[in-house]
Amino acid sequence: MQQSATATTCHGGVIGLRHPSPPPHSCYFSIPPICRHQYGRIHNWKPISTMIVVKKHCRLSVRSNAKAAKEWDVEPYEASQEYYLEEQDVVTFLDPPKELIPLDPSSYNPASYLWKKIDAIPEERRYNLLSLLNPRLVSRAWEVAGSRYEDPKLAKKSASAFLSGVDCAGKLELWRFRTSGAPLQVAWINNCQKVIFGCTDGKTYGRLIGGNPLSRIIKSSTPLYFSVRQVNEVLSTEEPCDLAYEFGDGLLNLPEYPQEFPKPAKHPWPLDDQVYIYIRHVGPGVVVGQAWQEGKALEQVPKKLCSEILMVKDYSSLP
């Protein structure tokens, strides 16, 4: 009888068995027309399935060693599981198994640990978090990110230069956007994209783009532009945050905008009712947000527009 396994440490210092993590397989994104001709890039790699076989008494014969070495010298590799271990480590940390004894919260900073786990995921694979993290775990990520502000050094870190107040005039970034529970009028934002771009006025702006062709056509007549503001508190809850996307009425006086983008137009309801998306940096290329409809009327009670929002930077759109 043969076994295939490798000893490794899991969250909390528990020793377990898991398969070795191979390098990434190829991944593809559907890049909007505005980015494709400038930033699109595809690596046409041929995946190869590999595995090291370990005998019952953990002894490899000379032939097995040679075969294993030969196979591991060939790249890229194909994972035997749907997701790699680095992504699964993030899920395990946010939702640890009951049999694992949690670490003493006073002995470490959860936000710092989560940041390191996300940083360990290769850039081109971080999009996997969009399908791995369900709404409950995205809400948990928002909570964990709140401990970032207890560490002055960690609080200064940013998921992206575009979101840290750095002048990025003439440049843009594409992000994937996933949430749930959005109102029927804007249900398409449950799975969409956002573009962040810098202008010559030194400010940063953005726009939401539908994730399917039909929603893109609809949004071309009512483009959803927003301004990126540096704020440190969620107005409705007084919880700390890093910045906010301010939607306003949509009639922004932009000095310029990316090629093929439509002119700013008035936002449809409810996005024209003083909507803000408050952002917390979670890790490199990953942020979590809360969308609040704060309302124009003074007597209006602010309410959440949807569940917490997971946003992951699309590295495939970079030059």
Side-chain angles (χ1 to χ4, degrees), residues 24 26-43 87 118-119 121-133 138 158-179 182 186 188-199 203-220 222-228 242-247 250 252 254 256-264 271 277 279-289 291 309-319:
S26 57
C27 58
Y28 301 91
F29 288 92
S30 176
I31 306 304
I34 56 159
C35 298
R36 188 185 300 277
H37 65 282
Q38 293 181 351
Y39 303 104
R41 183 175 63 180
I42 297 177
H43 297 285
E87 291 94 315
I118 293 175
D119 190 28
I121 303 174
E123 295 176 347
E124 66 275 12
R125 286 198 346 237
R126 288 178 190 152
Y127 77 96
N128 284 329
L129 295 176
L130 292 169
S131 54
L132 276 171
L133 302 185
V138 176
S158 175
S160 167
F162 274 76
L163 303 177
S164 60
V166 177
D167 184 9
C168 297
K171 300 178 182 178
L172 60 79
E173 283 184 348
L174 178 66
W175 291 65
R176 302 286 166 169
F177 191 106
R178 182 69 61 85
T179 185
V186 289
W188 59 271
I189 72 173
N190 287 331
N191 185 8
C192 67
Q193 304 168 24
K194 70 173 181 178
V195 175
I196 303 293
F197 59 93
C199 289
K203 298 179 181 180
T204 304
Y205 302 91
R207 179 193 171 202
L208 295 186
I209 302 175
N212 60 72
L214 178 59
S215 62
R216 290 180 189 175
I217 293 174
I218 296 174
K219 299 305 161 298
S220 64
T222 56
L224 301 177
Y225 288 102
F226 56 83
S227 301
V228 180
D242 297 297
L243 49 93
Y245 300 159
E246 180 184 0
F247 282 83
L252 290 175
L254 298 176
E256 72 274 325
Y257 39 85
Q259 185 181 4
E260 299 184 22
F261 270 31
K263 293 181 180 180
L271 295 177
I277 299 180
I279 301 296
R280 283 180 175 177
H281 300 297
V282 181
V286 180
V287 302
V288 176
I309 306 165
L310 178 64
M311 309 176 205
V312 180
K313 184 177 176 180
D314 184 353
Y315 290 92
S316 69
S317 65
L318 297 176

>> The test is side-chain contact (heavy atoms from CB on, under 4.5 Å); show your working for Tyr315 and Glu124 and say whether it passes.
In response: CA-CA 6 Å; Tyr315 290 92; Glu124 66 275 12; 5.6 Å; no
> Rounded to the nearest 0.5 Å, what separation is found between the CG atom of Leu224 and the CD1 atom of Ile189?
Replying inline: 9.0 Å
>> Is the shortest side-chain heavy-atom distance between Leu310 and Val286 below 4.5 Å?
In response: yes
> Who are the side chain to side chain contact (heavy atoms under 4.5 Å, CB included) partners of Pro264, not counting sequence neighbours?
Replying inline: Tyr225, Leu254, Tyr257
>> Please report the interatomic distance OG(Ser131) to CD(Glu87), rounded to the nearest 0.5 Å.
In response: 9.0 Å
> Looking only at heavy atoms, what is the nearest atom pair of Val282 and Ile118, with distance?
Replying inline: CG1-CD1, 3.6 Å
> Tyr205: what forms a ring pair (Phe, Tyr, Trp, His ring centres under 6.0 Å) with it, not counting sequence neighbours?
Replying inline: none
>> Tell me whether Arg207 forms a cation-pi arrangement with Phe261, defined as NZ or CZ under 6.0 Å from the six-membered ring centre and within 45 degrees of its axis.
In response: yes
>> Using the side chain to side chain contact (heavy atoms under 4.5 Å, CB included) criterion, which residues pair with Ala291? Sequence neighbours excluded.
In response: Ile277, Leu305, Cys306, Ile309
> Looking at Ile279 and Gly289, what are the two nearest heavy atoms and their distance?
Replying inline: CD1-CA, 4.1 Å
>> side-chain contact (heavy atoms from CB on, under 4.5 Å), that's the test. Do Asp242 and Ser158 meet it? Break it down for me.
In response: CA-CA 9 Å; Asp242 297 297; Ser158 175; over 6 Å; no
>> Just verifying a value: how many Å separate Arg178 CZ and Leu129 CG, rounded to the nearest 0.5 Å?
In response: 11.0 Å
>> Just verifying a value: how many Å separate Lys194 NZ and Phe226 CZ, rounded to the nearest 0.5 Å?
In response: 6.0 Å
>> Would you compute the distance between atom CG of Leu130 and atom CH2 of Trp175 and round it to the nearest 0.5 angstrom?
In response: 11.0 Å
> Going through the distances and angles, do Lys313 and Arg126 end up as a side-chain contact (heavy atoms from CB on, under 4.5 Å)?
Replying inline: CA-CA 8 Å; Lys313 184 177 176 180; Arg126 288 178 190 152; over 6 Å; no
>> Could you work out, with salt bridge (charged side-chain N to carboxylate O under 4.0 Å, His left out) as the rule, every residue matching Glu246, not counting sequence neighbours?
In response: Arg229
> Looking at residues at least two apart in the chain, or sitting in another chain, which of them share a side-chain hydrogen bond (donor to acceptor under 3.5 Å, both in side chains) with Arg280?
Replying inline: none
> What's the shortest heavy-atom distance between Ala159 and Val287, and which atoms?
Replying inline: CB-CG1, 3.5 Å
> So how far is it from Gln193 CD to Leu208 CG, rounded to the nearest 0.5 Å?
Replying inline: 10.5 Å
> Would Asn191 and Phe177 satisfy side-chain contact (heavy atoms from CB on, under 4.5 Å), going step by step from the backbone distance to the final call?
Replying inline: CA-CA 6 Å; Asn191 185 8; Phe177 191 106; over 6 Å; no
